[in-house]
Engineer: 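The following block contains the structure, expressed as structure tokens.
Convention: sequence-line order gives letters A, B, ...; per-chain numbering from 1.
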2 protein chains.
Amino acid sequence: MSDQLHEALEMLRESGVRITPQRHAVLEFLIQSEKHPTADDIYKALEGKFPNMSVATVYNNLRVFREIGLVRELTYGDSSSRFDCNTSDHYHVICDKCGKIVDFHYPSLEEVESIAEQITGFDVSHHRMEVYGTCDSCKPVTSH
Amino acid sequence: MSDQLHEALEMLRESGVRITPQRHAVLEFLIQSEKHPTADDIYKALEGKFPNMSVATVYNNLRVFREIGLVRELTYGDSSSRFDCNTSDHYHVICDKCGKIVDFHYPSLEEVESIAEQITGFDVSHHRMEVYGTCDSCKPVTSH
DNA sequence: TAAACTATTTATAAAGATTATAATGTAATA
DNA sequence: TATTACATTATAATCTTTATAAATAGTTTA
């Protein structure tokens, strides 16, 4: 079992949240997934193991995880939210063509936050940023 | 009639798009609106003038405007898209409490784009960024 | 101008994602 | 064990957006 899963389970315990088989499975899938799955991705992936599991269970658990701070919900232009359990600071690069999402580390844009505070008078709490483009596999092949 | 509306109508003409009364009204509302309305906001705002107008018309026209490049569609965490006809480069600061959206000018983060290109191998086309926090009217009153 | 064609609107249905509800099941506690 | 609280399931409901088909209006062409 990965360290990350261990830590996550510990966080659940500390929050007084029961660790049910379904909850464990959703969490495990999220952590081992390199992608950033949608609720439906998770639901489909666990269909084999839990044939009777309800979509509502997936959504409920994702909400619990989000409230505890275990996962981040990513809302892009497309219809459904994606879930990311990598809570370390990072940004995402998203392919316009195939929707692939790649993590991308960059020093946090703290200056933007403080300038926004000065200009707008908001108490700034956080920001989000994504970069869009065409990934390697979607680039047109150059002809010679 | 505002210059911006004039320009927008000109762009529609050049694109060979008919300027119907409904289309004109949607565009006018978008331009005069300081907010960043949802499709439903627009629909409700024009109910008086066009009692028979269909929601589909609002969506259709917003799609047309977007395709021409007259408006930007903003997708945040909440359920529905918002539409912004300010096409000049700017970012948004969003209030976590009341949802207010304030425009905010900041030099474009071109460095981020080029670094993302180098790290990920994507052909980067654009990026998005929003800053979140609490606006002035939603700040708790400090007690002395 | 009349006919033909095209774009647009309307009304409605359908799709898709998410949330709410109620009943059932399961674990924790006294 | 009885009680309570939490979770899951199944299902319905909600909400946003898109699709479809019919009706309408505008444009083009003969």
Engineer: As a test of reading the structure: which of C:dT18, C:dT10, D:dT8 is closest to the side chain of B:Q22, going by heavy atoms?
Structural biologist: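 It is C:dT10.
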Engineer: Any chance the side chains of B:S125 and A:D96 put a donor and an acceptor closer than 3.5 Å?
Structural biologist: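 A donor-acceptor contact under 3.5 Å links the two side chains.
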Engineer: Once you apply a heavy-atom cut-off of 4.0 Å, does B:S80 come out as touching a base, just sugar-phosphate, or nothing?
Structural biologist: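 Counting heavy atoms under 4.0 Å across all strands, the contact made by B:S80 is with sugar-phosphate only.
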Engineer: Does a nitrogen or oxygen in the side chain of B:R18 sit under 4.0 Å from OP1 or OP2 of C:dT6?
Structural biologist: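 Result: no.
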Engineer: Tell me the interatomic distance from A:N52, atom CG, to D:dT11, atom P, rounded to whole angstroms.
Structural biologist: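 Going from A:N52 (CG) to D:dT11 (P), I get 11 Å.
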Engineer: Whole angstrom is fine here: how far is it from CZ in A:R13 over to C1' in C:dA27?
Structural biologist: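 Going from A:R13 (CZ) to C:dA27 (C1'), I get 15 Å.
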Engineer: If you pin A:D40 and A:A56 to their nearest nucleotides in DNA chain C, which one's is more 5'?
Structural biologist: A:D40
Engineer: For residues B:H90 and B:D84, is any side-chain donor paired with an opposing acceptor at under 3.5 Å?
Structural biologist: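 Checked: B:H90/B:D84 side chains pair up, N/O donor to acceptor below 3.5 Å.
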Engineer: How close or far is atom P of C:dA7 from atom CG of B:N61, stated in whole angstroms?
Structural biologist: 15 Å
Engineer: To the side chain of A:N60, which of C:dA17, D:dT8, C:dT10 is closest?
Structural biologist: D:dT8
Engineer: With side-chain contact (heavy atoms from CB on, under 4.5 Å) as the test, pick out the partner of A:V26 among A:T20, A:N60, A:L46.
Structural biologist: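 Going through A:T20, A:N60, A:L46 one by one, the side-chain contact (heavy atoms from CB on, under 4.5 Å) with A:V26 is satisfied by A:L46 alone.
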Engineer: For a quick check of understanding: with a heavy-atom distance under 4.0 Å over all strands, which category does A:V55 fall into, base, sugar-phosphate or nothing?
Structural biologist: nothing
Engineer: Answer yes if the side chains of B:E113 and A:Y132 hold a donor-acceptor pair under 3.5 Å, and no otherwise.
Structural biologist: no
Engineer: Return the value, rounded to whole Å, for the distance between atom CZ of B:R82 and atom C1' of D:dT16.
Structural biologist: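 Checked: the CZ to C1' distance equals 13 Å.
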Engineer: Should the pair B:K139-A:D123 be classified as a salt bridge under the 4.0 Å nitrogen-to-oxygen rule?
Structural biologist: yes
Engineer: Is the distance from OP1 or OP2 of C:dG16 to the nearest side-chain N or O of A:S79 less than 4.0 Å?
Structural biologist: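 So the side-chain polar atoms of A:S79 never come under 4.0 Å of the phosphate oxygens OP1 or OP2 of C:dG16.
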Engineer: With respect to the phosphate group of C:dT10, does any side-chain polar atom (N or O) of B:T57 fall under 4.0 Å of OP1 or OP2?
Structural biologist: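 Checking B:T57 against C:dT10: at least one side-chain N or O falls below 4.0 Å of OP1 or OP2.
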Engineer: Quickly work out the B:I42 CD1 to C:dT9 C1' distance and round it to whole Å.
Structural biologist: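 The distance from CD1 of B:I42 to C1' of C:dT9 comes to 17 Å, rounded to the nearest Å.
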Engineer: Measure from the side-chain heavy atoms of B:R23 and tell me the nearest of D:dT18, C:dT9, D:dT8.
Structural biologist: C:dT9
Engineer: Once you apply a heavy-atom cut-off of 4.0 Å, does A:T38 come out as touching a base, just sugar-phosphate, or nothing?
Structural biologist: nothing
Engineer: Tell me: CG of B:L62 to P of C:dT9, nearest whole Å?
Structural biologist: 11 Å
Engineer: Any side-chain N or O of A:T20 under 4.0 Å from OP1/OP2 of C:dT26?
Structural biologist: no
Engineer: For the pair made of OH in A:Y59 and P in D:dT9, what is the distance, rounded to whole Å?
Structural biologist: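 A:Y59 atom OH is separated from D:dT9 atom P by 15 Å.
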Engineer: Between B:L46 (CG) and C:dT9 (C1'), how many Å, whole number?
Structural biologist: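 Answer to the nearest Å: 14 Å.
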Engineer: Looking at D:dT17, I'd like to know if its phosphate oxygens (OP1 or OP2) sit under 4.0 Å from a side-chain N or O belonging to B:S81.
Structural biologist: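 Yes, within the criterion.
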